[in-house]
Engineer: 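To start, I am sharing the structure in question, which I have written as structure tokens.
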Amino acid sequence: MKNENIRVRFAPSPTGFLHIGSARTAFFNWLFAKKMSGVFVLRIEDTDIERHKEDTIDLIMDSLKWLGITWDEGPDIGGIFAPYRQSLRKEIYNQYAQKLIAEKRAYRCFCSPDKLEEKRKASTKDKGSDFLKYDRECLKLTDEDIANNLQYGRNYTIRLLVPDDREINFTDIAYGKISVNSKIVEDFIIIRSNGLPTYNFSVAIDDIQMKITHVIRGEDHLSNTPKQLLIYDALNSELPRFVHLPMILGSDGQKLSKRHGSISIEAYRDEGFLPEAIQNYLALLGWAYDEKTTIFSLEELVAKFSLEDINKKPAKFDYEKLLWLNGGYIRNTDDKILSKLIYGRLIKSAPQKNTDIVSGINMAKIEKIIPLIKERMRTIKEACELISPFFYKVRYAEEIKNFFENEKSEAANILNNTITVLEAFSDNQTTSITFKSSLIEPELKKIADKLGINLRKVAEVVRIALWGAKVSPPLFGTMEILGRTETLNRLKAYSENF
RNA sequence: GGCCCGUUCGUCUAGGGGUUAGGACAGCAGAUUUUCAAUCUGCCAGCAGGAGUUCGAUUCUCCUACGGGCUACCA
């Protein structure tokens with residue numbers, strides 16, 4: 001049962017992918033809606049026709065869905081306050097604007113952008129580099145002037161008439177009491193000359209009209225809030241509660257951008273992060289439940305989340321911690337699900353024609369591999385890299401070829417012993433000496449004992465030969481899955497180095 | 001420039017007039033181990049600076065510094 005008394009919204013502008021910071025904002029809104037059994041609205045703020053990119057709307061919605069964020073009202077599913085795209089709500093904004101003009105709370109401005117630019121320049125010269133605001137030239141226009149201008153079809157914008165000297169006060173749930181004097185805000189434009197509203201106007205109108213009760217958004221909007229408050233006031237509307245979320249910054253404290261690595265939710269999905277891990281990590285950016293809990297299930301998050309616990313300090317994005325969290329979530333994920341994810345990625349990245357394939361990429365095999373690597377993967381991508389030699393021929397890098405340069409005879413001896421022992425195994429699963437890890441291990445241990453060395457040393461030589469790398473999944477299990485034939489092929493191929 | 005906001009280990013944070021300032025990630029060391037991980041144990045590390053209030057400030061107030069945001073016919 002939805003509680004209509006709690007309505008929140010996430011209002012992205014469709015200019016690109018879903019940014020990690022926007023995702024956090026969306027998620028906090030969603031968490032709050034879930035906790036309160038409220039309504040979560042998705043609204044597209046596409047009033048800037050220049051920057052707007054149509055296909056990013058689907059991109060954003062896909063990312064949200066992948067993250068587990070669903071909405072009760074939105075552009076795709078409609079709702080009682082449809083439409084949910086601002087570009088389709090032009091009439092609504094204009095009605096409000098006309099009302100404000102009629103009540104002398106707003107006025108038409110016929111100044112062209114060029115003219116405004118001149119004014120700004122002139123003003124800068126006069127008063128140094130001080131703050132400059134619109135000089136209200138068009139406020140002085142008589143009704144006759146306006147009628148004339150209108151008749152000539154001159155372009156105009158609509159500006160809000162801002163009170164000269166008034167304290168604007170509001171309480172932000174995270175930031176506390178905030179107070180700004182209206183004298184520092186100019187008569188800002190609410191309707192552009194193309195008839196579309198500007199952000200501060202459309203956001204206020206929509207939040208009023210859609211009966212939004214809690215505005216949860218990034219801290220970059222904190223400074224815009226007084227302007228919106230002025231609109232609420234001009235319209236005599238009830239205020240929502242405001243909650244601003246601290247910014248998410250890059251590791252150097254600068255605004256999160258491409259050079260900090262991945263910043264789109266899409267990218268994290270492609271790298272093989274699980275949505276649960278992203279949710280958990282995002283929740284920890286600007287919010288904390290208590291002094292020790294860091295791992296939360298979604299249910300716990302919904303239950304424990306509270307706007308009052310949101311903090312104000314900007315948070316730096318810590319990729320390492322995300323990796324750690326993701327590893328934890330992977331270990332708790334069902335093998336079948338992991339198999340599918342790995343399978344999907346492997347297939348996607350597989351070269352079209354590849355003569356190096358030693359084994360078809362199939363689910364059954366991947367499912368067998370999972371237990372070997374589950375504890376050592378932090379992302380699906382990492383897993384794929386680690387297990388790639390199961391499917392592709394080993395390519396020995398120079399450093400690996402010459403790995404035993406200084407101990408050639410010992411390495412050759414180990415390898416030859418191993419080959420001899422393994423050849424005694426049967427490929428036939430029904431005989432007693434099947435090629436199983438539990439049976440392979442003691443045999444290699446015997447070799448180690450015989451040569452008076454550590455099993456570790458034996459494993460090192462065999463691993464390099466078998467995997468072409470210093471690191472591999474557990475050796476014996478790897479050999480079992482690879483099979484006797486392929487295992488021996490690789491060992492023999494490598495022994496030719498000596 | 002003006003206005004708004006912020007500042008606890010490298011990072012995310014808990015705390016809050018008297019605490020050995022707590023946890024987690026990372027780092028380091030050890031245990032375990034066929035590698036790498038995982039796991040466990042231990043270690044390292046912090047209240048931006050200066051005044052004031054107070055018996056006592058990391059906590060309250062002010063100033064400074066630093067950081068961020070807004071100041072568009074962007075959102």
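Numbered from 1 within each chain, the chains take letters A, B, ... in sequence-line order.
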Engineer: State, without any angle test, whether A/Tyr93 and A/Asp206 hold a side-chain donor-acceptor pair at a distance under 3.5 Å.
Structural biologist: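 The criterion, which ignores hydrogens and geometry beyond distance, is satisfied for A/Asp206 and A/Tyr93.
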Engineer: Can you say whether the rings of A/Tyr268 and A/Tyr319 are parallel (under 30°), tilted (30 to 60°) or perpendicular (over 60°)?
Structural biologist: tilted
Engineer: Counting only side-chain heavy atoms from C-beta out, which of B/rU35, B/rA72, B/rC70 sits nearest to A/Asp220?
Structural biologist: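 Closest of the options to the side chain of A/Asp220: B/rC70.
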Engineer: Which base sits across from B/rA51 as a Watson-Crick or G-U pair, both distances under 3.5 Å?
Structural biologist: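 By the stated definition (distances under 3.5 Å), B/rU61 pairs with B/rA51.
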Engineer: Using the side-chain heavy atoms of A/Asp48, tell me which of these nucleotides is nearest: B/rA75, B/rA38, B/rU34.
Structural biologist: B/rA75
Engineer: Do the side-chain N and O atoms of A/Tyr107 and A/Asp187 include a donor-acceptor pair separated by under 3.5 angstrom?
Structural biologist: yes
Engineer: Is any side-chain nitrogen or oxygen of A/Arg376 closer than 4.0 Å to OP1 or OP2 of B/rU39?
Structural biologist: no
Engineer: Could you please name the option among B/rU35, B/rC5, B/rC73 that lies closest to any side-chain atom of A/Leu222?
Structural biologist: B/rC5
Engineer: To the nearest Å, how far apart are A/Asp252 CG and B/rU11 C1'?
Structural biologist: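 Going from CG in A/Asp252 over to C1' in B/rU11 covers 13 Å.
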Engineer: Are side-chain N/O atoms of A/Asn181 and A/Glu167 paired as donor and acceptor at under 3.5 Å?
Structural biologist: yes
Engineer: Return the residues of residues 271-285 of chain A meeting this criterion: a heavy atom under 4.0 Å from some atom of RNA chain B. Order them by number, or give none.
Structural biologist: A/Leu284, A/Leu285
Engineer: Hey, does A/Glu50 reach any base, or is it just sugar-phosphate, or nothing, if we go heavy atoms under 4.0 Å?
Structural biologist: nothing
Engineer: Closest to the A/Arg456 side chain: B/rU35, B/rC73, B/rG6?
Structural biologist: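 Selected nucleotide (nearest to the side chain): B/rU35.
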Engineer: Ignoring the backbone of A/Pro113, work out which of B/rC73, B/rG23, B/rG69 is nearest its side chain.
Structural biologist: B/rC73
Engineer: Could you please name the partner base of B/rC66, counting Watson-Crick and G-U wobble pairs only when both distances are under 3.5 Å?
Structural biologist: B/rG6
Engineer: How close or far is atom P of B/rA75 from atom CG of A/Asp46, stated in whole angstroms?
Structural biologist: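 After rounding, the gap between these two atoms is 10 Å.
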Engineer: Would A/Asn169 and A/Lys177 count as having a side-chain donor-acceptor pair, cut-off 3.5 Å?
Structural biologist: no
Engineer: Choosing from B/rU35, B/rC70, B/rG68, which nucleotide comes nearest the side chain of A/Asn224?
Structural biologist: B/rC70
Engineer: Less than 4.0 Å between a side-chain N and a carboxylate O, is that true for A/Lys368 and A/Glu480?
Structural biologist: no
Engineer: When the nearest nucleotide of RNA chain B is assigned to A/Ser251 and to A/Tyr289 on a heavy-atom basis, which residue is associated with the more 5' position?
Structural biologist: A/Ser251
Engineer: Could you check which nucleotide pairs with B/rA24 in any of the strands shown, counting Watson-Crick or G-U wobble with both distances under 3.5 Å?
Structural biologist: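 The answer is B/rU11, by the H-bond criterion.
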Engineer: Consider the side chain of A/Ser223, meaning its heavy atoms from C-beta on, and name the nucleotide among B/rC4, B/rG22, B/rU35 that approaches it most closely.
Structural biologist: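 Within the option list, the nearest is B/rC4.
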Engineer: Which of these passes salt bridge (charged side-chain N to carboxylate O under 4.0 Å, His left out) with A/Glu137: A/Arg159, A/Arg108, A/Lys119?
Structural biologist: A/Lys119
Engineer: Parallel under 30°, tilted from 30 to 60°, perpendicular over 60°: which one fits the rings of A/Phe425 and A/Phe435?
Structural biologist: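 Perpendicular, since the angle between the ring planes exceeds 60°.
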Engineer: Any residue in residues 310-333 of chain A with a heavy atom nearer than 4.0 angstrom to RNA chain B? Just list them by number, or reply none.
Structural biologist: A/Asn311, A/Lys312, A/Lys313, A/Pro314, A/Ala315, A/Lys316, A/Asp318, A/Glu320, A/Lys321, A/Trp324, A/Arg331
Engineer: Categorize A/Thr198 for me: base, sugar-phosphate, or nothing, with a 4.0 angstrom heavy-atom threshold over every strand shown.
Structural biologist: sugar-phosphate
Engineer: Measure the acute angle between the ring planes of A/Phe296 and A/Tyr289, then classify it against the limits of 30° and 60° as parallel, tilted or perpendicular.
Structural biologist: perpendicular
Engineer: So what does A/Lys255 hit on the nucleic acid, given a heavy-atom distance under 4.0 Å: a base, only sugar-phosphate, or nothing?
Structural biologist: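 Here A/Lys255 touches the backbone only, sparing every base.
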Engineer: Quick check for you: among B/rC74, B/rC4, B/rU34, whose closest atom lies nearest to any side-chain atom of A/Arg51?
Structural biologist: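 Comparing B/rC74, B/rC4, B/rU34 against the side chain of A/Arg51, the answer is B/rC74.
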Engineer: Paired with B/rU19: which nucleotide, if any, by Watson-Crick or G-U wobble criteria at under 3.5 Å for both distances?
Structural biologist: none
Engineer: For A/Asp114 and B/rC73, give me the distance from atom CG to atom P, rounded to whole Å.
Structural biologist: 12 Å
Engineer: Is there a Watson-Crick or G-U wobble partner for B/rU33 with both distances under 3.5 Å, and which nucleotide is it?
Structural biologist: none
Engineer: Fit a plane to each ring of A/Tyr396 and A/Tyr494, take the angle between them on a 0 to 90° scale, and name the class: parallel (under 30°), tilted (30 to 60°) or perpendicular (over 60°).
Structural biologist: tilted
